[in-house]
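Since this is a predicted model, take the numbers as computed values, not measurements.
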Amino acid sequence: MHHTVCATCVLLLFSLGIARFSSGETLSMSASLGENEWKVMREKVFPTFETRENCRIRAVNIEAGDTLKKIEVMHRANRMSIDLLLLDNMNLAPYVEKRLVLDLTKYQALIDPEVDESLVKPLTFNGRLMFVPGRPNVQITYYNTDVFNGSNSTIPETWDELLEAAKRLKAAYKVGKVAMHGTLDANTTTQVFEFITAAGGEITTLNDAGSVRAFTFLQELYTYLSPETKKANWNTTNKFLSEETIFLARNWPVGMQVIVKQNQKTNIKAYATWAGPAGRATMIGGDVIAITKRSHNKELALKFAGYLMSREVQTLLVTELGWPPIRSDALGSVPERQQGFFKAIMEALRYGHYRPAIMGWSAVDKYVNLAFKDIVMDGRDVQTTLDTYARDLQEELEWLK
């Protein structure tokens with residue numbers, strides 16, 4: 001009887017396929033985080049898990065652009081010193097194709113039902129769950145409530161309304177007051193991705209009907225945009241909104257920390273996004289969690305992955321860092337001044353799309369920005385220009401296969 005009871009206990013402990021581990025283990029994780037983010041991790045996140053599991057967590061900061069190469073070198077040498085990865089979701093395919101990360105399909109029960117399903121589906125490759133949600137990020141639309149006050153002017157909810165708002169503001173102020181990220185880099189690609197997707201197109205095709213419709217609209221809109229558009233990115237947009245150089249722009253949630261908390265601009269609010277011909281669309285950025293295939297502490301890493309996705313930790317990260325949560329039940333401790341922003345964030349996530357999991361995203365980035373420069377800024381023919389760059393893009397993507 002005693003043995004039967006023990007066996008039952010063991011089965012319960014192993015219900016997620018996670019084995020026990022010896023005490024005093026060290027779990028190594030890597031991520032690309034800021035100083036304050038690591039501080040919260042080390043002081044608020046790690047200690048509870050370390051105490052609970054009688055282990056130690058060794059954190060390694062590896063820049064996002066360097067992670068793949070370093071993990072591949074360790075994998076090939078069979079000297080893996082990293083167990084868990086927090087990865088930028090824009091470059092996941094190589095980790096799968098090079099077989100660097102653990103297939104998590106049989107551990108899917110680690111993902112609580114409260115975790116947004118839209119954040120999980122794109123992490124499946126060829127029917128296998130290779131990553132789990134970590135920290136989503138999504139752009140929201142910031143607006144000046146003195147201008148968009150609901151009576152004289154309302155926030156644009158469609159492309160047509162966006163165009164009309166941009167026209168009206170330029171006429172009133174003699175200069176554009178709406179901006180988008182026009183620095184001709186990844187910042188621009190992100191916002192073009194949203195316009196193409198909202199028009200029903202595919203950014204990796206680039207010359208389909210949706211892409212043509214998106215670039216045609218952007219070409220017309222650009223005439224009425226702020227001249228700051230050429231300098232607007234994830235960082236400078238916060239400055240332009242705070243100084244009221246612009247009144248409407250999309251940007252990442254970091255804006256609420258800079259614009260509202262740091263710069264004390266209480267007249268800046270946010271909503272999710274506007275709708276295109278095919279509906280509303282946002283691009284989900286941020287990080288996902290992976291476990292290295294040759295980890296020496298897989299069981300502990302699996303437990304830590306579940307811990308990072310828990311309501312306990314997600315709520316803490318919302319409160320301490322303003323990170324968007326992967327679950328809607330983690331918003332209980334959001335300060336009142338931020339509640340409107342998080343409402344916008346959670347709504348924007350519902351319209352979210354991951355970037356295509358392909359090897360050649362840098363090629364997509366290159367040709368999207370060339371097209372933006374030629375078509376939107378310089379006024380070249382939409383279809384002809386897109387056909388040229390789409391052909392070049394497909395040739396590069398084919399070469400990378």
Rounded to the nearest 0.5 Å, what separation is found between the OG1 atom of T282 and the OH atom of Y351? 9.5 Å
Return yes if some donor-acceptor pair links the side-chain N/O of D116 with the main-chain N/O of S328 below 3.5 Å, else return no. no
Side chain of T67, backbone of E63: donor and acceptor closer than 3.5 Å? yes
I want to check something: taking the side chain as every heavy atom from C-beta on, are T236 and N233 in contact at a cut-off of under 4.5 Å? yes
Apply ring-ring contact (aromatic ring centres under 6.0 Å, His included) to Y143 and F247, showing your working. CA-CA 6 Å; Y143 65 97; F247 298 147; over 10 Å; no
Without swapping roles, check the side chain of S295 against the backbone of I291 for a donor-acceptor pair under 3.5 Å. no
For atom CZ of R79, is the number of surrounding heavy atoms from other residues, nucleotides or ligands below 6.0 Å larger than 12? no
Correct closest heavy-atom pair for P253 and I345 would be CB-CD1, 3.7 Å
So if I apply the salt bridge (Lys or Arg N to Asp or Glu O under 4.0 Å) rule between E72 and each of R294, K293, K98, which one comes out positive? K98
What I want to check is whether the side chains of S362 and D365 have a donor and an acceptor closer together than 3.5 Å. no
Can you list everything that forms a side chain to side chain contact (heavy atoms under 4.5 Å, CB included) with S310? Sequence neighbours excluded, please. Y307, E312, V313
SB check K298 D83 (cutoff 4.0 Å): no
If you measure only the distance, is there a donor-acceptor pair under 3.5 Å linking the side chains of D387 and T384? no
In Å, rounded to the nearest 0.5 Å, how long is the span from OG1 of T388 to CG of L393? 12.5 Å
Above 12 or not: heavy atoms from other molecules or residues under 6.0 Å from NZ of K170? yes
On a heavy-atom basis, which atom in L119 and which in P133 lie closest, and how many Å separate them? O-CG, 3.7 Å
Scan side-chain atoms only and decide if N61 and W38 contain a donor-acceptor pair under the 3.5 Å cut-off. yes
Looking only at side chains, do T183 and D185 share a donor and an acceptor under 3.5 Å apart? yes
Quick one: do V101 and T292 satisfy side-chain contact (heavy atoms from CB on, under 4.5 Å)? Show the steps, please. CA-CA 4 Å; V101 294; T292 56; 5.5 Å; no
Would you check if there is a donor-acceptor pair between the side chains of T158 and D160 at a distance under 3.5 Å? no
Does a salt bridge link R250 with E194, judged by any charged N lying under 4.0 Å from a carboxylate O? yes
Mind checking what makes side chain to side chain contact (heavy atoms under 4.5 Å, CB included) contact with Q262, not counting sequence neighbours? V258
Do S226 and F240 come within less than 4.5 Å of each other through their side chains, counting heavy atoms only? no
Considering non-hydrogen atoms only, spot the tightest contact between G360 and L397 and give its length. O-CD2, 3.6 Å
Can we say E396 and K366 salt-bridge, meaning some charged N sits less than 4.0 Å from an Asp/Glu carboxylate O? yes
Minimum heavy-atom distance between L331 and P325, given as atom pair plus value: CD2-CG, 3.8 Å
Is T124 close to F131 at the side-chain level, that is, under 4.5 Å between some pair of heavy atoms? no
Might you confirm whether atom CD of E117 has over 12 heavy atoms from other residues, nucleotides or ligands at distances under 6.0 Å? yes
Are R280 and E157 ion-paired here, with the side-chain N under 4.0 Å from a carboxylate O? yes
Main-chain N/O of I246 paired with N144 side-chain donor or acceptor, under 3.5 Å: no
Passing option when I82 is tested against M74, H75, K70 for side chain to side chain contact (heavy atoms under 4.5 Å, CB included): M74
List the steps and the verdict of side-chain contact (heavy atoms from CB on, under 4.5 Å) for F304 and F46. CA-CA 9 Å; F304 189 61; F46 294 168; 3.8 Å; yes
Under the 3.5 angstrom rule, does the side chain of D287 hit a backbone N or O of R135 as a donor-acceptor pair? no
Exercise answer: donor-acceptor pairs, residues 215-222 side-chain atoms, under 3.5 Å, sequence neighbours excluded:
unit_1: T216; atom_1: OG1; unit_2: V212; atom_2: O; d: 2.7
unit_1: Q219; atom_1: NE2; unit_2: I375; atom_2: O; d: 3.0
unit_1: Q219; atom_1: NE2; unit_2: R380; atom_2: O; d: 2.9

Would you indicate whether the side-chain heavy atoms of L162 and L248 approach each other to under 4.5 Å? yes
I140 vs M346, test: side-chain contact (heavy atoms from CB on, under 4.5 Å). Steps then yes/no. CA-CA 10 Å; I140 53 179; M346 299 309 290; over 6 Å; no
Heavy atoms, side chains only, cut-off 4.5 Å: are E37 and W323 in contact? yes
Between D112 and R327, does any NZ, NE, NH1 or NH2 come within less than 4.0 Å of an OD or OE carboxylate oxygen? yes
Non-hydrogen side-chain atoms of S81 and S28 separated by less than 4.5 Å: no
Could you tell me whether the side chain of T141 and the main chain of A272 form a donor-acceptor pair under 3.5 Å? yes
Test H181 against every option in T189, T190, T237 by the side chain to side chain donor-acceptor pair (under 3.5 Å) rule and name the one that passes. T237
Does M29 form a side-chain contact (heavy atoms from CB on, under 4.5 Å) with I57? I'd like the steps, not just the answer. CA-CA 7 Å; M29 71 163 285; I57 297 174; 4.3 Å; yes
Does some side-chain heavy atom of L129 sit less than 4.5 Å from a side-chain heavy atom of V120? yes
Looking at I71, is its backbone amide N or carbonyl O close enough to the side chain of Y95 to form a donor-acceptor pair, meaning the two atoms are under 3.5 Å apart? no
Crowding at NZ, K231 (>12 non-hydrogen neighbours, <6.0 Å): no
Short N-O contact, E114 and R311, less than 4.0 angstrom: no
Is the closest side-chain donor-acceptor distance between E244 and N267 under 3.5 Å? yes
Could you tell me the separation between the CG atom of L302 and the NZ atom of K106, rounded to the nearest 0.5 Å? 9.0 Å
Separation of I62 CD1 from L68 CG (nearest 0.5 Å): 11.0 Å
Is it the case that the side chains of Y142 and N238 hold a donor-acceptor pair, with the cut-off being a distance below 3.5 Å and no angle test? no
Parallel, tilted or perpendicular: which fits the ring planes of W159 and F195, with parallel below 30° and perpendicular above 60°? tilted
Residue R42 excluded, over 12 heavy atoms near CZ under 6.0 Å: yes
With side chains defined as the heavy atoms from C-beta onward, is the minimum distance between Q314 and I326 less than 4.5 Å? yes
Rounded at 0.5 Å granularity, tell me how far CG in L300 sits from CD in E25. 5.5 Å
Does the pair K239/E243 count as a salt bridge with the N-to-O cut at 4.0 Å? yes
Please name the pair of heavy atoms, one in F148 and one in A165, separated by the smallest distance, quoted to 0.1 Å. CE2-CB, 4.2 Å
For the CE atom of M80 and the CG atom of N297, what is their distance to the nearest 0.5 Å? 12.5 Å
